Participant: 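Sharing a structure with you now.
Since the model is a prediction, treat every value here as computed from it, not as a measurement.
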Amino acid sequence: MTVTLAGITLGVTGCKGPESARNQSQSGNQAIQYTCSMHPEVVQDKPGKCPKCGMDLVEKH
């Protein structure tokens, strides 16, 4: 009986670990977007200059 309970405990704990790590990695994969302070409709996936006014793009929050 003790061996069975130990196996169940290890099995349950083992299942939670990878699930938690998977959720963290998925939330960490969110793409950062950059936008212009004066033209919020301008959105890019990398830093650079606004094509409308030439201002530096800032990270979108």
Participant: Other members of the hydrophobic cluster containing Met38, with the 4.5 Å side-chain heavy-atom rule, please.
Facilitator: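 Met38 shares its hydrophobic cluster with Met55.
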Participant: Short question: side chain of Thr35, backbone of Val42 - any donor-acceptor pair under 3.5 Å?
Facilitator: yes
Participant: Would you mind listing every side chain to side chain donor-acceptor pair (under 3.5 Å) that reaches into residues 36-50, with sequence neighbours excluded?
Facilitator: Glu41-Lys52, Lys49-Asp56
Participant: How about Leu57 and Pro47: do any of their side-chain heavy atoms sit closer than 4.5 Å?
Facilitator: no
